[in-house]
Amino acid sequence: MLKYCVCVFGVILLSCAAPCPKDKKVGSVQFSAETESFVPKSSDFKILTFVNEKGETLKFTTMNSSVKTSRKIPVKTLCERGGFLDKTVQIEYLDAPTVNLFYQTSPEKFTLAVDVAFDGHMPNTGIQDTAFIERVSVWAQKIGVDSKSGIMSVITSTRGNEKHKDLQNTLSQPVQYAIVKDTTILNRKIKIAYYNPAQSNSINIYFSKENGIEAFSTDDGEVWVRK
């Protein structure tokens, strides 16, 4: 019984560890010009309307109030305290822009998402060793018993420690996009369309810098283009 009480007391002491101080901002980064060219225009991002060959429409809406927000990219851990239930961490970080737009139809039949963000590879030794990847990802999903999905992902820029092993591992992965210079889908002409060619995708997505998501199609024959 005494040993049990000692153990419980020890756990209580650990759980009462003083929390780490607030995170420290050590700078900021901005998207490269190439990455910025993929960011949806803020004037018309809230509603996306698509039409099929029958003239039926799908209207996608987002709850996002703006195209860009910000996020912390950690570059070094300064403090770790506490146990499983009350662990606190203090980091040095860079402030970075991010785009995380999520769209859905009502009723929820399809969802779409556009993410433009930095991926930080932190060696935990400070900003001088950190590597960054700027990536554009576009997702599509059909919901229901015949659920389907697809993703198109483009690495638009890299910077920082080029020898970082996580950066090299990421760059050595198979490319998740292809480009078609000119194409027409249901009478909609699209120039320089990025799309996902992998057979593992059951939805193909077509995205352009000018208009964002231009069209998507499912492997069982549904085709939808921006109205």
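Keep in mind that this is a model prediction, so the values were computed, not measured. In what follows, residues are counted from 1 in the order of the sequence shown.
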* Just do the salt bridge (Lys or Arg N to Asp or Glu O under 4.0 Å) check on Glu134 and Arg159 with the steps written out, would you? => CA-CA 9 Å; Glu134 295 172 56; Arg159 67 180 82 172; 2.6 Å; yes

* Asked: For Lys24 and Lys76, what are the C-alpha separation, side-chain angles and deciding distance, and is it a side-chain contact (heavy atoms from CB on, under 4.5 Å)?
  -> CA-CA 10 Å; Lys24 291 184 177 181; Lys76 188 176 183 179; over 6 Å; no

* To do: Check the pair Leu58 / Thr49 against side-chain contact (heavy atoms from CB on, under 4.5 Å), numbers first and verdict last.
  => CA-CA 6 Å; Leu58 280 176; Thr49 304; over 6 Å; no

* Asked: Should Lys227 and Thr57 be marked as a side-chain contact (heavy atoms from CB on, under 4.5 Å) after you check the CA-CA gap, both sets of side-chain angles, and the distance that decides it?
  -> CA-CA 8 Å; Lys227 187 174 180 180; Thr57 59; 4.1 Å; yes

* To do: For the pair Asn204 and Ser217, evaluate side-chain contact (heavy atoms from CB on, under 4.5 Å) and give the outcome as yes or no after the intermediate values.
  => CA-CA 5 Å; Asn204 288 113; Ser217 61; 3.8 Å; yes

* Evaluate the criterion ring pair (Phe, Tyr, Trp, His ring centres under 6.0 Å) for residue pair Phe118 and Phe31; output intermediate values, then yes/no. => CA-CA 8 Å; Phe118 283 88; Phe31 288 140; 5.4 Å; yes

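Considering only heavy atoms from C-beta on, Phe45 comes within 4.5 Å of Thr62 through its side chain. A 4.5 Å side-chain heavy-atom check between Met63 and Tyr103 finds every atom pair outside the cut-off. Counting heavy atoms from C-beta on, the side chains of Lys68 and Ser70 never come closer than 4.5 Å. Between Asp23 and Lys72 there is a side-chain heavy-atom pair separated by less than 4.5 Å. In this structure, Asp119 and Thr170 have side chains that are not in contact, with every pair of non-hydrogen atoms separated by 4.5 Å or more.
The minimum heavy-atom distance linking Leu101 with Ser66 is given by the pair CD2-O, 3.9 Å. The heavy-atom pair separating Val67 from Pro40 by the smallest distance is CG1-O, 3.7 Å. The shortest non-hydrogen separation linking Ser157 to Thr35 is CB-OG1, 4.1 Å. Contact detail for Ser65 and Lys46: the closest heavy-atom pair is O-CE, 4.3 Å. Taking both residues in full, the closest heavy atoms of Gln30 and Pro97 are given as OE1-CG, 4.0 Å, listed atom of the first, atom of the second, then distance. Nearest approach of Glu80 to Cys20, heavy atoms of both residues: N-SG, 3.7 Å.
With hydrogens and angles left out, the side-chain atoms of Asn100 and Thr98 include a donor and acceptor closer than 3.5 Å. Checking Thr111 against Gln104 by side-chain atom types alone, no donor-acceptor pair falls below 3.5 Å.
Within a 6.0 Å radius of CG in Asp146, more than 12 heavy atoms belonging to other residues, nucleotides or ligands are found. Heavy-atom neighbours of Gln168 CD from other residues, nucleotides or ligands within 6.0 Å: above the threshold of 12.
For Ser149 (side chain) and Gln141 (main-chain N/O), no donor-acceptor pair under 3.5 Å exists by modelled atom type. A side-chain donor-acceptor contact under 3.5 Å links Arg188 to the backbone of Arg226. Judged by distance alone, with hydrogens and angles left aside, the side-chain atoms of Arg71 form no donor-acceptor pair with the main-chain N or O of Asp95 at under 3.5 Å. With hydrogens and angles ignored, the 3.5 Å screen pairs no side-chain donor or acceptor of Lys22 with any backbone N or O of Gln90. For the pair Ser208 (side chain) and Asn211 (backbone), a donor-acceptor distance under 3.5 Å is present.
Evaluated for a side chain to side chain contact (heavy atoms under 4.5 Å, CB included) with Ile205, the options Asn196, Leu112, Val114 yield exactly one hit, Asn196.
Within the 6.0 Å centre-distance limit, the rings of Tyr194 and Phe38 are counted as a close aromatic pair. A ring-centre distance under 6.0 Å is found for Phe60 and Phe50. Annotation: Tyr206 is in aromatic contact with Tyr195 [ring centroid separation under 6.0 Å].
By the rule that hydrophobic residues join a cluster once side-chain heavy atoms approach within less than 4.5 Å of another member, Val180 and Ile203 end up as members of separate clusters. Under a hydrophobic-cluster definition in which Ile, Leu, Val, Met, Phe, Trp and Tyr are linked whenever side-chain heavy atoms come within less than 4.5 Å, directly or via other members, Leu186 and Ile213 are assigned to different clusters. Note on Phe110: it does not cluster hydrophobically with Val225, by side-chain heavy-atom contacts below 4.5 Å among ILVMFWY residues. Linking ILVMFWY residues whenever their side-chain heavy atoms come closer than 4.5 Å, directly or via other members, leaves Ile185 and Trp224 in distinct clusters. There is no path of hydrophobic side-chain contacts, each under 4.5 Å, that joins Ile190 to Val136.
The hydrophobic cluster containing Ile151, built from Ile/Leu/Val/Met/Phe/Trp/Tyr side-chain heavy atoms closer than 4.5 Å, also comprises Trp139.
With sequence neighbours excluded, the residues satisfying salt bridge (charged side-chain N to carboxylate O under 4.0 Å, His left out) with Glu34 are Lys209.
Between Lys142 and Glu222 there is a salt bridge, since at least one side-chain N of the basic residue sits less than 4.0 Å from a carboxylate O of the acidic one. Between Lys191 and Asp182 there is no salt bridge, since no side-chain nitrogen of the basic residue lies less than 4.0 Å from a carboxylate oxygen of the acidic one.
Asn201 contributes atom CG, which lies 14.0 Å from atom CZ of Phe216 (distance to the nearest 0.5 angstrom). The OG atom of Ser32 sits 13.0 Å away from the CZ atom of Phe132 when rounded to the nearest 0.5 Å. Residue Ile155 holds its CD1 atom at 8.5 Å from CD of Gln176, rounded to the nearest 0.5 Å.
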